[in-house]
**Student:** 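Dumping the structure here so I can ask a few things about it.
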There are 2 protein chains.
Amino acid sequence: MKTRDRILQTSLQLFNDYGEPRITTNHIADEMDISPGNLYYHFRNKDEIISLLFQQFERQMNAALQAPERRVPNMEDMWLYLHLVFENIWEYRFFYRDLDNILSRNKKLRTHFRRILERKVNTAAAICKGLVEAGVMHATPEEIAALAQNIAVIATYWLNFQSTRASAARSNDSDSNNLALGVYQVLSLVAPFLIDEARELLRQLSREYLT
Amino acid sequence: MKTRDRILQTSLQLFNDYGEPRITTNHIADEMDISPGNLYYHFRNKDEIISLLFQQFERQMNAALQAPERRVPNMEDMWLYLHLVFENIWEYRFFYRDLDNILSRNKKLRTHFRRILERKVNTAAAICKGLVEAGVMHATPEEIAALAQNIAVIATYWLNFQSTRASAARSNDSDSNNLALGVYQVLSLVAPFLIDEARELLRQLSREYLT
DNA sequence: GTCTATATAGGGATAGAC
DNA sequence: GTCTATCCCTATATAGAC
C-alpha cells in the first residue's frame, strides 16, 4: 500500500477515534512510524488530508443518496437505504463531531457539505411525496416539508446525540446497534403518516434488525 | 461592572461569534483592553471561564425544563416553553457548536451536559404521557419513547443544522425566526399523534408566531 | 521517498513590578 | 487589580542531506 494512502487511512482512523482537532500531523506520522517531513512530502498540509477524506465521503454519500430517487421504495428498501446513509456517516464520523469547526476553516468543504444537506432534505421530501402518491402515506405538503427537515436532522445528528448521551466509553459493540437505532428513529418519524399495513411492516422490521 | 463579569460576558460573545476553539485568552483580553495577565488574575485558565459559563447555562436550562413538569400543558404552553429552551440554547450556542470537543476536555461538564440531555428526553416523554392521559394525544408507549428521543435531538441540534445549512453569513435578522422555526419543527413531530382540535391549534400558533 | 534538523508562530500560563 | 515581560510548549511547515 502506498504511503499516501496509508496516511489517509491512518488519519481517518485517528480522527474518528480522538477527534480531528486533537490529532496533529506529528501524531499521524508517529502512528505510521514515518517522519513528519515524509508526511509533508505527500501532502501540502493537514487541510489537504481532510479535503481528500471529504472527497471520499462525498462520493460515497452521493452514491447512497442517489439510489432511491428512481422509484417509490417499500419499507424494507427504506430501512436498508437509511442504513447505508448511517454507515457512511459512521465511517467518517470525525467530520460530524467537529462539523462547525472543520467547515469554518474551509470554504469549499462548507459549500459541498451544504449541498449534501440540501440533497438529504430534498431526497426525503421526494420519497415522502412518492409514498403519498402511491397511497401508502397520508400527509399535506406542509407536513412533508417539516417532516423532510426533521428526517435530515435526525439522520445527520443521531450518532452525535448517542455518543454524547452514552456514559460508557465508545465500545465497538454498541456501534452497529446505534446505526440500526438511528434508522429506527428516522422511520418512526415517518410512521404516523403511514397507512396501517406499512406501519405494521415497520414494526416487523425493527423487531428483525434491532437487537 | 466588575472585571470578572466582563470577562465572562466578553468570552461568551466571542465564543458565540467565532467558536470557542478559535478564541484565545489573548483575544478576550484584547477585546476588553486589559492585559492577559489581568485575565489570569481573575481566572486560573480558559477552562474555568468555560465552566462558569456552563454553570450559568445549566441553571437557566434547568429552570426552563422544570416549568412544565407540574401539569399537563396546552398547545400554547408548549410553544412558549419550547421557545424558552431554544432561547437558552441560542444564548450559549458556542457550546453546541463544538460540543464533543468541549465535553471531551472536561469530565464534569460532560456529566452535567449528559444530565441535561436525559432530562430533556424524560421531560418530553412525561409531557407526552400526560397528553395521552388527558385524551389529547394517541400514542403507544413505544411511540412515545421514540418520539421523546427525536424531540430531544431536534431541540438540541436544530440551531446547528440551520447555521450549517444557511449559506449567508449569520444575520441577526434570521436568528429570532430560526428559534420559532425550531419550535415549529419540534411540535410538528408531536402533531401527527394529536387529536384534530389540538392539531388545528398548532396550525394557528405557527401562523401567529412564524413570520 | 524518506530522514533529520530546524524555523516560525501562537497559545497558555506565570512572575514580579506598580 | 492591573500591567509588562517572559517562559514553556506544541503545532505547522520547510530545508537540505541521504
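Atom set for the values below is all heavy atoms of this structure, side chains included, hydrogens, waters and symmetry mates excluded. Just so we're on the same page: letters track the sequence lines, and every chain starts at 1.
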**Student:** Hey, does the side chain of A:N26 come within less than 4.0 Å of D:dA11's phosphate (OP1/OP2), counting only N and O?
**Tutor:** no
**Student:** Give the nucleotide from the list C:dG12, C:dG1, D:dG1 with an atom nearest to the side chain of B:N38.
**Tutor:** D:dG1
**Student:** Taking only side-chain nitrogens and oxygens of A:T25, does any of them come within less than 4.0 Å of OP1 or OP2 of D:dT12?
**Tutor:** yes
**Student:** May I ask you to check whether B:F94 and B:F57 place their ring centers less than 6.0 Å from one another?
**Tutor:**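 Not under 6.0 Å, so no.
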**Student:** Should A:E31 and A:R6 count as an ion pair when the cut-off is N to O under 4.0 Å?
**Tutor:**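 Here A:E31 does not pair with A:R6 in a salt bridge, since their nearest N and O are not under 4.0 Å apart.
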**Student:** Please determine if a side-chain N or O atom of B:Y40 lies less than 4.0 Å away from the OP1 or OP2 oxygen of C:dT14.
**Tutor:**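 No, B:Y40 has no side-chain N/O under 4.0 Å of OP1/OP2 on C:dT14.
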**Student:** Just by modelled atom types, is the B:L65 backbone N or O under 3.5 Å from a matching donor or acceptor in the B:R119 side chain?
**Tutor:** no
**Student:** Side chain of B:S35 only, heavy atoms from C-beta on: which candidate in D:dT2, C:dG12, C:dT2 is closest?
**Tutor:** D:dT2
**Student:** Quick one: is B:Y41 getting a side-chain N or O under 4.0 Å of the D:dT2 phosphate, OP1 or OP2?
**Tutor:** no
**Student:** Do any side-chain nitrogens or oxygens of A:T24 fall under 4.0 Å of OP1 or OP2 in D:dT10?
**Tutor:**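 For D:dT10, neither OP1 nor OP2 has a side-chain N or O of A:T24 closer than 4.0 Å.
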**Student:** Less than 6.0 Å separating the ring centroids of B:F54 and B:F95?
**Tutor:** yes
**Student:** With respect to the phosphate group of C:dT2, does any side-chain polar atom (N or O) of A:H42 fall under 4.0 Å of OP1 or OP2?
**Tutor:**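 It does, given that an N or O in the side chain of A:H42 lies less than 4.0 Å from OP1 or OP2 of C:dT2.
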**Student:** So, is B:N45 close to the C:dG12 phosphate, meaning a side-chain N or O under 4.0 Å from OP1 or OP2?
**Tutor:**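 No, because none of the side-chain N or O atoms of B:N45 sits under 4.0 Å from OP1 or OP2 of C:dG12.
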